[in-house]
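The structure appears right after this line, and notes come after that.
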Amino acid sequence: MDDDLDRLLGAPLVLPPSGFTATVMDRIANAPTPVRASRMTTMLQWVALFGIGVPAAAELALFVLSVWTTSSAG
Amino acid sequence: MNVVTVRRNKWRALAMSLVLPGFGQLYNGEVNKAIWLFLIFLLLTGPGIAMIALYLPAGLTMPVLVFSVVASLSVWVWGIADAWRGARARVDYVPAPWQISGLYALVILLCGFVVVPATVDAVRTHEVQSFDIASGSMEPTLLRHDLVFADKRYNCVGCKAVHRGDIAIFTYPNDRTQIYVKRIIGLPGDVITIGGRSISVNGQPLDMGAGTEGIDGRSWQVQWGDPPAAEMRTTVPSGAVFVLGDNRSNSTDSRHFGAVPLDDVVGNVRQIWASFGDGGIRWERLGMVPR
């Protein structure tokens, strides 16, 4: 037990491979940046939102006034 | 771990809340608030308030339903403002995995185009519906272009039963695309006798003098013109009711098309909420409960 410990303590320290720091920094620099929606995608999202949204909002307004919407009774 | 944060777009949150209450909160990641906001809006606008209105006296129908509109609009506007504020505060927001455009599309299609229309239909079919009186056949009780609320919890299982003297809304038997409004005079099995201007039900005359008729402790005004009604005697068949317009000389009713099947009686007039004459709005009729 003591021999093992002595041998471990006597061994040279673990050294990083050569160029380690440069490799890490290089990988960070080349890491993919988060994908951002393109201008076209953003625009299409807004068009979709309003395309569905306008009729949905109109329907919602009709919903609020639904019991006031009359049918004809003779 | 590399965490990607984004800024929530306050305009998008506002637009989404405008489309559907709670939708902007969903975009902001406040799922619980989104669900409750939508449910409160739904109940305030439709079934919840309409049901309360029907349990209160008829004269309170219009005020309660006005409150419903104000309350639901308030919830809607508050939701828009809250979504705007919430998005503005989320500068370093970490989107949840479910926050994808497909899910938003599903929510808007489900809530906006299924849940809301189904609720509207349920309220109008089973709770309250508004009618525009298109003829003068019920004058002087209902004038042409009186707008009335009708109780649709009428003549169904667990609903208010049909009584003599009720002002009923029913499907016109000879053209099922048309809705008529008349007063129920005879119930199944009643013997109706009409002779000139005298009407009796099971031998009991309705005439109380001075243009008033009544039965079963209820009374209403009628008007007769010329010519007087033809004489007739009929027994109301089972499962049907005998209806007359209060404007006796200017009404197409059971004297012409026979008894109306009870299944076709769908509502009972509750309150006048607006009235339009040649001279504009007839303010004095607003809120009136027709007897």
Side-chain angles (χ1 to χ4, degrees), chain A residues 4-5 7-74, chain B residues 2 4 6 9 11-12 15-16 18-21 23 41-42 44-46 49-50 53 65 68-69 72-73 76 101 104-105 108-109 111-113 116-117 119-121 123-124 127-135 137-138 142 147-150 169-170 172 178-181 252 267 269 273-274:
Chain A
D4 291 342
L5 186 60
R7 197 161 48 247
L8 191 64
L9 290 172
L13 292 173
V14 177
L15 296 173
S18 63
F20 177 77
T21 307
T23 305
V24 169
M25 293 312 290
D26 190 43
R27 284 192 183 176
I28 289 174
N30 291 323
T33 51
V35 180
R36 293 184 65 84
S38 69
R39 203 175 170 79
M40 177 62 93
T41 308
T42 308
M43 202 175 74
L44 284 175
Q45 281 177 344
W46 277 102
V47 169
L49 181 62
F50 279 97
I52 295 179
V54 170
E59 190 168 277
L60 211 60
L62 283 177
F63 173 53
V64 171
L65 300 172
S66 61
V67 293
W68 305 83
T69 310
T70 57
S71 305
S72 182
Chain B
N2 192 20
V4 180
V6 290
N9 186 320
W11 290 106
R12 192 174 294 176
M16 288 171 78
L18 187 70
V19 166
L20 192 73
F23 203 29
F41 172 81
L42 204 65
L44 274 178
T45 306
I49 287 285
L65 292 176
S68 160
V69 171
S72 50
L73 285 177
W76 195 2
S101 56
Y104 293 140
I108 191 70
L109 286 173
C111 294
F113 294 94
V116 167
T119 308
V120 169
D121 192 51
V123 169
R124 287 170 63 90
E127 293 188 342
V128 181
Q129 190 175 358
S130 207
F131 290 94
D132 178 3
I133 305 302
S135 78
S137 70
M138 278 299 288
L142 295 175
L147 308 187
V148 300
F149 285 126
I169 305 274
F170 59 92
Y172 177 44
Q178 291 192 41
I179 301 291
Y180 271 28
V181 55
T252 304
V269 170
W273 64 266

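The analysis underlying the following values was restricted to heavy atoms, covering all of them including side chains, and did not include hydrogens, waters or symmetry mates. Below, read A as the first sequence line, B as the second, and so on, with proteins coming before strands; counting in each chain starts at 1. Keep in mind the model is a prediction, meaning the values are calculated, not measured.
- Contacts between B:L42 and chain A at a heavy-atom distance below 4.5 Å involve backbone atoms as well as side-chain atoms.
- For the pair B:R124 and A:S66, the tightest heavy-atom approach, listed with the atom from each and the gap, is NH1-O, 3.0 Å.
- Here the closest non-hydrogen pair linking A:W46 and B:A15 is CZ3-CB, 4.3 Å.
- Listed options A:L60, A:L62, A:V67 were ranked by heavy-atom pairs under 4.5 angstrom with chain B; first place goes to A:L60.
- Both the backbone and the side chain of B:L65 come within contact range of chain A, with heavy atoms under 4.5 Å apart.
- Considering OG1 of A:T69 and CG of B:L147, their distance stands at 11.0 Å, rounded to 0.5 Å.
- Using a 4.5 Å cut-off between heavy atoms, B:Y172 makes no contact with chain A at all.
- In this structure, CG on B:L73 lies 7.0 Å from CG on A:L65, to the nearest 0.5 angstrom.
- Using a 4.5 Å cut-off between heavy atoms, B:W76 contacts chain A through its side chain alone, with no backbone atom that close.
- Contact between B:F41 and A:V64 at its shortest, heavy atoms only, is CZ-CG2, 3.7 Å.
- Most heavy-atom pairs under 4.5 Å with chain A: of the set B:S135, B:S137, B:A274, this distinction falls to B:S135.
- For the set B:W273, B:F113, B:Y180, the entry with the most heavy-atom pairs within less than 4.5 Å of chain A is B:W273.
- Between B:A134 and A:G74 the shortest heavy-atom distance is CB-CA, 4.2 Å.
- Here B:P117 is the residue among B:S101, B:S68, B:P117 with the most heavy-atom pairs under 4.5 Å with chain A.
- Between B:V123 and A:F63 the shortest side-chain heavy-atom distance does not fall below 4.5 Å.
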